[in-house]
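The structure under discussion appears below in the form of structure tokens.
The shown structure was predicted, so the numbers you read here are calculated from the model rather than taken from an experiment.
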Amino acid sequence: MSAVLVVNSGSSSLKYQLIEMTGEQVLASGLIERIGEDVGVVNHRNVEADPDNPIVSEEPIKNHVDAFAVMLARFAEHGPSMEEHPVLAVGHRVVHGGKRFFEATRITDLVKINIQDLAELAPLHNPANLDGIVAAERAFPSVPHVAIFDTAFHSTLPEKAYRYAIDRELADRHRVRRYGFHGTSHQFVSRAAAEFLGKDVTELNQIILHLGNGASATAVRGGESVDTSMGFTPLEGLVMGTRSGDVDPAVLVHLQRVAGLSAAEIDTLLNRKSGLLGLAGAADMRDLQARANDGDEIAVTALDVYNHRLRGYVGKYYVDLGRVDTIVFTAGVGENSPQVRERALAGLERLGIKIDPARNAGRGGPKIISTDDSEVTVLVVPTNEELEIARQTLAAIEG
């Protein structure tokens with residue numbers, strides 16, 4: 001049996017999964033953290049043999065090359081055997097593909113140069129993704145490596161959806177436009193929802209709500225993204241765990257002028273100290289819901305703001321699509337919070353959106369949570385970005 005190794009490389013972390021592609025089964029998964037610090041943490045799980053007992057250890061890990069060496073040592077010591085499950089290809093998550101990459105792409109020297117050039121648009125992510133690619137090529141020199149870009153699924157956005165209303169020449173010179181993110185998840189979920197319903201994805205108009213610590217909404221027409229809430233960066237759009245989402249740009253100028261905040265301080269404010277954390281001092285939806293249930297008015301208001309923004313995007317995309325066949329909840333909050341799902345669609349019955357409380361109760365999916373007479377089918381569909389990366393990797397090397 002042959003497998004695809006899926007790699008997600010961060011600046012100080014390496015996340016991986018080994019997926020056997022015949023049955024699309026996860027054989028192993030792992031997370032290596034604190035790369036470059038005095039002591040790194042290694043978590044390796046042999047899903048095939050002992051899924052409930054990960055092997056956890058600590059040791060110095062200087063860089064991503066060392067991280068891959070540690071990963072291979074864990075496979076050799078704790079399995080599964082890479083001789084029994086040879087790696088056919090390595091699929092890499094890359095955050096930003098700009099306007100250059102709109103599908104899974106086999107990695108060459110030119111592709112690496114382009115990923116580095118696009119670091120201007122994703123300075124915290126693309127360099128780390130590239131470090132992982134270079135290290136992985138040393139660890140697996142004889143197999144193809146494929147880049148799967150978070151932005152690729154949104155390359156189908158029409159100009160009316162991706163262009164900002166600022167000076168055109170300035171925007172084009174500095175590559176300022178809406179790119180969208182979470183594309184791998186939105187693509188997987190839109191297809192999985194269609195498969196669950198026994199439909200062809202090209203027949204459906206869908207609104208996909210990826211709700212986790214990061215959150216985004218996407219309008220999908222016939223399997224293609226036509227609008228999405230994240231923009232030039234993953235900051236735009238919905239209220240998130242620590243990110244503000246949409247905010248009047250003049251607020252930033254005001255804070256710079258009256259509060260003396262620097263550009264770096266504003267960036268930190270919007271990305272790390274805003275969203276639910278900024279509104280109520282907690283980024284975890286479970287904590288906020290518990291506080292709201294106990295009558296905490298600050299938590300109640302934070303959830304109201306969160307759901308108000310979410311309903312607004314549902315309404316916007318309903319209008320944009322003209323006809324909506326499905327609304328799909330996915331990711332950590334979307335899959336596990338009946339309260340968020342109920343409140344996000346509350347009051348939309350006139351749009352043919354009706355939630356069945358009994359079906360909505362509980363976690364997980366895939367499942368339909370709308371009533372039988374709801375014109376729009378509302379679903380919960382678990383996302384699986386690693387599997388989508390593996391599938392696209394396999395398609396790229398076979399195609």
Side-chain angles (χ1 to χ4, degrees), residues 8-15 17 29 31 33-34 41 43 93-96 122 124-125 128-129 150-151 153-154 179-189 208-218 228-247 267-292 298-299 301-314 328-341 343-344 363-365 380-386 388-389:
N8 184 351
S9 178
S11 59
S12 61
S13 66
L14 176 68
K15 186 178 180 182
Q17 278 193 10
S29 64
L31 176 62
E33 298 179 283
R34 300 180 186 175
V41 179
N43 186 315
R93 174 181 180 252
V94 180
V95 167
H96 220 302
L124 298 180
H125 297 94
N129 300 154
D150 273 8
T151 53
F153 183 57
H154 302 300
Y179 293 100
F181 299 88
H182 288 158
T184 307
S185 175
H186 286 291
Q187 186 167 16
F188 176 87
V189 171
I208 311 296
L209 304 174
H210 176 111
L211 307 179
N213 187 52
S216 61
T218 295
T228 191
S229 58
M230 288 180 168
F232 179 67
T233 74
L235 180 60
E236 187 179 354
L238 303 177
V239 175
M240 306 177 222
T242 65
R243 299 180 206 154
S244 65
D246 294 337
V247 65
D267 184 81
T268 298
L269 170 69
L270 295 180
N271 281 289
R272 300 181 181 181
K273 297 182 179 180
S274 295
L276 295 175
L277 181 66
L279 287 168
D284 193 299
M285 181 62 69
R286 293 164 297 185
D287 294 338
L288 282 175
Q289 287 175 339
R291 285 169 50 186
I298 290 178
T301 298
L303 294 177
D304 285 345
V305 173
Y306 180 94
N307 289 306
H308 177 75
R309 183 80 55 84
L310 190 50
R311 275 196 301 274
Y313 270 92
V314 171
V328 190
F329 289 91
T330 193
V333 175
E335 295 169 29
N336 297 305
S337 177
Q339 299 96 321
V340 166
R341 297 193 296 259
R343 293 168 183 167
R363 301 180 175 184
V380 178
V381 176
T383 190
N384 192 332
E385 295 174 81
E386 289 80 11
E388 180 66 23
I389 290 172

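For the pair Pro382 and Glu335, the tightest heavy-atom approach, listed with the atom from each and the gap, is CA-OE2, 3.2 Å. In this structure, His182 and His154 approach most closely via the heavy-atom pair C-NE2, 4.4 Å. Closest approach of Gly241 and Ala283 over heavy atoms only: O-CB, 3.5 Å. Of all non-hydrogen atoms in Arg291 and Ala282, the two that sit nearest each other are NH1-CB, 3.8 Å. When all heavy atoms are compared, the tightest approach of Gly214 to Met240 is CA-SD, 3.9 Å. Between Ala215 and Val239 the shortest heavy-atom distance is CB-O, 4.2 Å.
Arg309 places a side-chain N or O within donor-acceptor distance of the main-chain N or O of Gly237, the cut-off being under 3.5 Å. Put simply, the side chain of Thr184 never gets that close to the backbone of Asp150: no donor and acceptor are under 3.5 Å apart.
Considering only heavy atoms from C-beta on, Lys15 comes within 4.5 Å of Glu386 through its side chain. Using a 4.5 Å heavy-atom threshold, the side chains of Leu310 and Leu238 count as touching. Residues Ser244 and Leu235 are in side-chain contact: their nearest non-hydrogen atoms beyond the backbone lie under 4.5 Å apart. Contact check for Thr242 versus Lys273: no side-chain heavy atoms found under the 4.5 Å cut-off. Residues Leu211 and Tyr306 have side chains in contact (heavy-atom distance under 4.5 Å, counting atoms from C-beta outward). In this structure, the side chains of Thr151 and Val95 stay at 4.5 Å or more apart for every pair of heavy atoms. The closest side-chain heavy-atom distance from His210 to Met230 is not below 4.5 Å.
Defined by atom type and a distance below 3.5 Å, a donor-acceptor pair is present between the side-chain atoms of Ser216 and His186.
Here the options are Met285, Gln339, His308, the test is side chain to side chain contact (heavy atoms under 4.5 Å, CB included), and the partner is Leu303; only Met285 passes. A side chain to side chain contact (heavy atoms under 4.5 Å, CB included) with Leu209 is found for one member of Val314, Val189, Val328 and no other, namely Val314.
A centroid separation of less than 6.0 Å is found between the aromatic rings of His96 and Phe181.
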Q | side-chain contact (heavy atoms from CB on, under 4.5 Å) evaluation trace for Ser12 with Arg34 | A | CA-CA 5 Å; Ser12 61; Arg34 300 180 186 175; 6.0 Å; no

